[in-house]
Every structure is written in structure tokens, then in C-alpha cells.
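Indexing begins at 1, ligand by ligand and atom by atom, following the structure's order. For clarity, every value in this text was computed on a predicted model and none was experimentally measured.
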Amino acid sequence: MKIVTTVFQLKQEISQHQAGDKTIGFVPTMGFLHEGHLKLLAQARAENEIVVLSIFVNPLQFGPNEDFDSYPRNLEKDKELARLAKVDLIFAPSAEEMYQGEPSYTVRVHDRINVLCGKTRVGHFDGVATVLTKLFHLVQPTSAYFGMKDAQQVAVVHGLVEQFHFPLKIVPVDTIREEDGLAKSSRNVYLTSSERSQAPAIYKGLLIGKELVLQGERTKQKIVDEVSSYIMQHTSGKIDYVEVLSYPELINHEVISGKLIIAVALKFTKVRLIDNITIDI
Ligand code: AMP
């Protein structure tokens, strides 16, 4: 496994793999790897000759009052886990290396962002789209792997790849959960022990919503109300949103049909958690 930190080194490595006409599976992350990331890496490993992992806490996708400084980092442990996952190449640049100071060219996302996290995390998806545009150009992957835990990100990345004609395939991967249902997340380490025991209520609330839909409920508000009230009763967190939208278009219909997403964001004292379920009806 090679570890590179500069664009120059990365380009050299990638051109060698391309000379051998190798398929490249790419997994972009912010590090502090857990089993969710490992699932993405395992799928990339199974489907490609070369696996590239990027580890970069991207300042551009954090708002001024968000947790950029306190975002958990552990590059040494990440390297160990990546080695076990049989990653070929890690790209772990500094922000200075990625942006050469203040980013002077950025990508602006206009679609699929007026809902869910895009509503409150202003500029977040511009930051995601900017860094992915750079990374896709540099890594030139055959396929890139993204977790459905961040379903809005998957929807936006699909749009980005289509609009900018990136010659790569986006592979969505199902959310990996703890045994009690809590979606694995690097941020879970910042839950207090009482919040940690309440947090599985997010997924339970989503399952209640899914069950309502499967039983024939088609009124969006009814589903939102049931999911919200379950989560409010079972946690001390503050609901940021509970939304039911079409997926991947992320359109808000009063009466639902087709493929949809039920998504939740819940704020605890130090950490805001997100989770979702998609259903095809
Ligand atoms: P992050 O490091 O949080 O930016 O995540 C990097 C990638 O891992 C993203 O595509 C995430 O959606 C994905 N991911 C994060 N948590 C999970 C999870 N619990 N299950 C599956 N994928 C995940």
C-alpha cells in the first residue's frame, strides 16, 4: 500500500495504473474510518483491480459554526485499517495542497439542495462538489463508491457526474449500522453515554415511517408526524428535520408515490446525526 500526500505524487501513481489499463475503484472519505467506510472499500476491492482511498477533512464543506476543528482524525489507525482492507493507494493531502491557499474556483450546486441538509448547511454541497471535481480529475476512477447514509450527497454526486460528464460510475452502498440500529458515523464518538443509548430511536422512527408506507399510508405529513413524534418521545435531541421526498430527485410531494426517502437530522449536545431509509412503492 502506498501513501501519498501531494497532487504530483498522486498523478504519478495514477498514470502508472492507467498505463497498465487497470480499473480503479475510488472511495473518498474524511477518515476516522469505521465499518461503513470499510464496506465501501470491500466493494471497491471486489470490483476493481486498483483501490484508491482519499482521506481529507475538506474545510470547504464545513460552515463557520460547524465542527471542522473538532472533526475526529486518526491517520495512523486509518492506515492500518486501509492496509487490512487491501487498499492500494491512499491520498491524504493537506488543505494547502488541495486548494493552494484560499480556493479561488469552486463548483456551485443548484439542484437537490433546497431540502434536507442543504437547507441549513449552506454551501456544504458546493464544498462537496468542488472537492469531488478535483478528486475525480486526479484519480480518474472507473467507479466511485458512496454510502447511502449520506443519501442527499449520493443524489447530488449523481447530478454532478451527469452534468459534468465525468466518465465514471457512481456506486451507492447501503448504510452499515451498529447492532442496535444506529448508523455508523465518525461523529458518534461525540455522543454522551445517555445520548448514545437514545440514538437508535432515529432508526426506529424511520422504520415506523417505512411500516406506515408499506401499510398503504400515502400522505406525507402523516408519516412526518409519526416519525417526529416517536423520535421526540425517545430522545433528548432536537429535530432539525424529518422529511419525506422523492428519491433521487428530492422533490416534496404531498401525496407520495414511486421511490422515496424518509430522512432525519437530529441535534444532540455536541453532534448532529443524520439517517434515512429509501422505499420503492
Ligand atoms: P465521510 O468520511 O463521513 O465523508 O464518509 C465517507 C463515505 O463513507 C461517504 O460516502 C459516506 O456516505 C460513507 N459512509 C459513512 N458512514 C457510512 C455508513 N454507516 N454506512 C455506509 N457508508 C457510510
Go through the structure and list residues passing side chain to side chain donor-acceptor pair (under 3.5 Å) with Glu35, not counting sequence neighbours. Lys184

Asp174 near ligand 1 by a heavy-atom separation under 4.0 Å: yes

Assign the ring pair His34 / His37 to parallel, tilted or perpendicular, where the plane angle (0 to 90°) is split at 30° and 60°. tilted

N or O pair under 3.5 Å between Met30 and ligand 1: yes

Enumerated ligand 1 atoms positioned under 4.0 Å from heavy atoms of Thr175: 19 (N), 20 (N), 21 (C)

Could you tell me whether Gly147 and ligand 1 have an N or O pair separated by under 3.5 Å? yes

Who's the nearest protein heavy-atom neighbour of atom 20 (N) of ligand 1, and how far? Ile176 N, 2.8 Å

So the atoms of ligand 1 within less than 4.0 Å of a heavy atom of Leu40 turn out to be 7 (C), 8 (O), 10 (O), 13 (C), 22 (N)

Counting non-hydrogen protein atoms only, what is the nearest one to atom 3 (O) of ligand 1? Give residue, atom name and distance. Tyr71 OH, 3.7 Å

Strictly under 4.0 Å, does any heavy atom of Phe56 approach an atom of ligand 1? no

Can Ile3 be reached from Val7 by stepping across I, L, V, M, F, W or Y side chains whose heavy atoms are under 4.5 Å apart? no

Atom indices of ligand 1, in the order listed, that fall short of 4.0 Å to a heavy atom of Phe146: 10 (O)

Would you call the rings of Tyr99 and Phe56 parallel, tilted or perpendicular, taking 30° and 60° as the class edges? tilted

Geometric N/O contact His37 with ligand 1, under 3.5 angstrom: yes

Any N/O pair Val173/ligand 1 closer than 3.5 Å: no

Using distance alone, determine whether Lys184 and ligand 1 share an N or O pair under 3.5 Å. yes

Are a donor atom and an acceptor atom from the side chains of Ser143 and Glu47 found within less than 3.5 Å of each other? no

Min N/O separation Asp150 to ligand 1 under 3.5 Å: yes

Test item: side-chain donor near acceptor, Thr6 and Gln9, under 3.5 Å: yes

Which ligand 1 atoms are under 4.0 Å away from a heavy-atom of Thr29? 2 (O), 6 (C)

Contact check, side chains of Cys117 and Tyr241, non-hydrogen atoms, under 4.5 Å: yes

According to ring pair (Phe, Tyr, Trp, His ring centres under 6.0 Å), who are the partners of Tyr203, at least two apart in sequence or on a separate chain? none

The residue among Arg45, Lys22, Lys2 that forms salt bridge (charged side-chain N to carboxylate O under 4.0 Å, His left out) with Asp88 is Arg45

Any idea which atoms of ligand 1 are less than 4.0 Å away from a heavy-atom of His34? 15 (C), 16 (N), 17 (C)

Under 4.0 Å from a heavy atom of Pro28: give me the atoms of ligand 1 that qualify, with their elements. 6 (C), 7 (C)

So, do Thr29 and Leu41 sit near enough that their side-chain heavy atoms are less than 4.5 Å apart? no

